Amino acid sequence: QAKQGGRDTSRFFTPQMNADALVRLELEMALRDALDNEEFVLHYQPKVHLGTGRVVGVEALLRWQRPGHGLVSPADFIPVLEECGLMVRAGDWVIASVCRQIRLWRASGIGDVQVAVNIAQRQFIEGDLEAEIARVLAGNDIPAHLLELELTESSLMANTAHTVAVLQGLRRRGLQISVDDFGTGYSSLAYLRRFPVDKLKIDIAFIRDITSRPDDAAITLAIIGLAHSLKLEVIAEGVETAAQLAFLQGHGCDQIQGYYFSRPLPLAALEVLLREGHALPPVTAMATAADA
Ligand code: C2E
Ligand code: MG
Ligand code: MG
Ligand code: MG
């Protein structure tokens, strides 16, 4: 049915439609075909532990190789997937692809790699996320702790009772749960205590000017303190400079992710990085300088 829509598009177009609506309609129809035509691909961005400087995992980030358009960024198509009812199918594809990749890495010289997957709110509401994940983990014969789920603060806050129940089930199976873009939603701290989560990801918005804006530095320190007093791990997103890294290292942040260490990489480039065992240079000296 989607295939037919892709071929016979003319009957949808009427003179009254403006150019934006046409572009949007074309986008929707192209996305319907994208899954069948295997146009989606995953890039992977490393997460680095600041204590050891070592890569402790990667985040899978969805890209769309749209014919005639090059590589399309998720910001431009994830909202459309959500609106036209394709998010669960696309999300299932991401989970299946990641678990397959984890299995292949275990079978190769690379070994165990923990991979984080971004989960859209829709995936919690529609479908049975826990059953789907359990099925794919078993199908690939991989342990649950190698899969981490990232949920944004705002998707956690919607539909809370159901979300808490699903997360509890997943966590009981051994999956890691992270709160993405933390600080940009408006979860009350009381709510945070109720959610079965393991890690907070400080949003890039606070990290960007961390060394020049005292407010952003203060918020970041508050999030690090909050995470640790709730016995959660904390990771900073969007670290691009040595100065940002030194600040975070000096103030006890557990992990970082960002262009400073590595951009999101296509599979082959990530495998080179993992095989060569790239690590951050020792940062103790920098951290001392930042505190002085
Ligand atoms: P996110 O999960 O918060 O991912 C972080 C985004 O920041 C990524 O953008 C990443 O490429 C970018 N980034 C990483 N380090 C730096 C840095 O140092 N500087 C800057 N300026 N940016 C950095 P990307 O890949 O375009 O993804 C955007 C968003 O799309 C993600 O935000 C996530 O919310 C969503 N997304 C990506 N893949 C998926 C997916 O498979 N499923 C779902 N539901 N959402 C996804
Ligand atoms: Mg994320
Ligand atoms: Mg984020
Ligand atoms: Mg984001």
Side-chain angles (χ1 to χ4, degrees), residues 31 34-35 39-48 55 57-65 70-99 101 114-127 129 132-133 136 147-156 158 176-185 197-211 220 223 234-245 247-248 253 255-266 269-270 280:
L31 277 169
L35 276 161
E39 292 167 8
F40 288 119
V41 64
L42 293 172
H43 284 190
Y44 298 91
Q45 186 178 38
K47 302 182 179 191
V48 182
V55 174
V58 299
E59 175 176 4
L61 293 157
L62 191 56
R63 304 285 180 262
W64 177 24
Q65 289 169 316
L71 210 58
V72 186
S73 122
D76 296 330
F77 68 85
I78 295 265
V80 185
L81 285 176
E82 297 221 45
E83 283 161 29
C84 61
L86 294 169
M87 193 61 237
V88 173
R89 261 186 80 204
D92 284 350
W93 180 87
V94 173
I95 292 166
S97 304
V98 161
C99 289
Q101 193 57 62
Q114 189 182 57
V115 186
V117 170
N118 292 284
I119 302 289
Q121 195 183 314
R122 288 275 166 149
Q123 293 174 266
F124 271 89
I125 299 164
E126 301 163 20
L129 186 65
E132 178 63 17
I133 287 176
V136 177
L147 194 60
E148 176 179 340
L149 305 184
E150 296 191 4
L151 288 91
T152 63
E153 193 183 2
S154 24
S155 65
L156 270 181
Q176 299 278 302
I177 313 288
S178 296
V179 186
D180 207 345
D181 303 347
F182 189 78
T184 58
V197 300
D198 303 285
K199 194 193 277 188
L200 302 183
K201 295 193 80 174
I202 307 172
D203 193 76
I204 185 170
F206 303 111
I207 305 303
R208 196 170 292 126
D209 300 317
I210 202 177
T211 56
T220 299
I223 297 174
V234 61
I235 178 167
E237 304 189 279
V239 176
E240 295 185 356
T241 68
Q244 291 167 335
L245 172 64
F247 180 95
L248 293 160
C253 189
Q255 301 176 12
I256 57 124
Q257 208 179 351
Y259 297 170
Y260 181 77
F261 182 78
S262 172
R263 289 184 173 258
L265 301 171
L270 177 80
L280 271 178

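Sequence positions, counted from 1, serve as the residue numbers for this chain. Counting starts at 1 for both ligands and their atoms, following the listed order. Keep in mind the model is a prediction, meaning the values are calculated, not measured.
- Within the 2.8 Å limit, Glu237 places no N, O or S atom next to the Mg ion (ligand 2).
- Within the structure, the closest approach of Glu59 to ligand 1 falls below 4.0 Å when heavy atoms are considered.
- Distances from the Mg ion (ligand 2) to each N, O or S atom of Glu150 single out OE1 as the nearest.
- Nearest-heavy-atom check against atom 25 (O) of ligand 1 across Met87, Arg63, Gln244 picks out Arg63.
- Of the listed options Phe40, Phe77, Tyr259, Tyr259 places a heavy atom closest to atom 12 (C) of ligand 1.
- Only the side chain of Val94 comes within 4.0 Å of ligand 1, judged by heavy-atom distances.
- The aromatic rings of Trp64 and Phe40 sit tilted, their planes meeting at an angle between 30° and 60°.
- Only the side chain of Asp181 comes within 4.0 Å of ligand 1, judged by heavy-atom distances.
- Listed by atom number, the atoms of ligand 1 under 4.0 Å from Asp180 heavy atoms are 1 (P), 2 (O), 3 (O).
- Taking 2.8 Å as the criterion, Ser178 does not count as a coordinating residue of the Mg ion (ligand 2), since none of its N, O or S atoms falls below it.
- The shortest N or O to N or O distance between Glu240 and ligand 1 is below 3.5 Å.
- Closest approach between the Mg ion (ligand 3) and any N/O/S atom of Asp180 involves OD1.
- Looking only at N/O/S atoms, Asp181 comes nearest to the Mg ion (ligand 3) through OD1.
- Under 4.0 Å from ligand 1, the heavy atoms of Glu237 that appear belong solely to its side chain.
- Using modelled atom types and a 3.5 Å distance limit, the side chains of Glu59 and Gln257 yield a donor-acceptor pair.
- By heavy-atom distance, the residue among Ala120, Gly91, Pro74, Gly238 lying nearest atom 27 (O) of ligand 1 is Pro74.
- Backbone and side-chain nitrogen or oxygen atoms of Gln257 are examined, and none is located within less than 3.5 angstrom of a nitrogen or oxygen of ligand 1.
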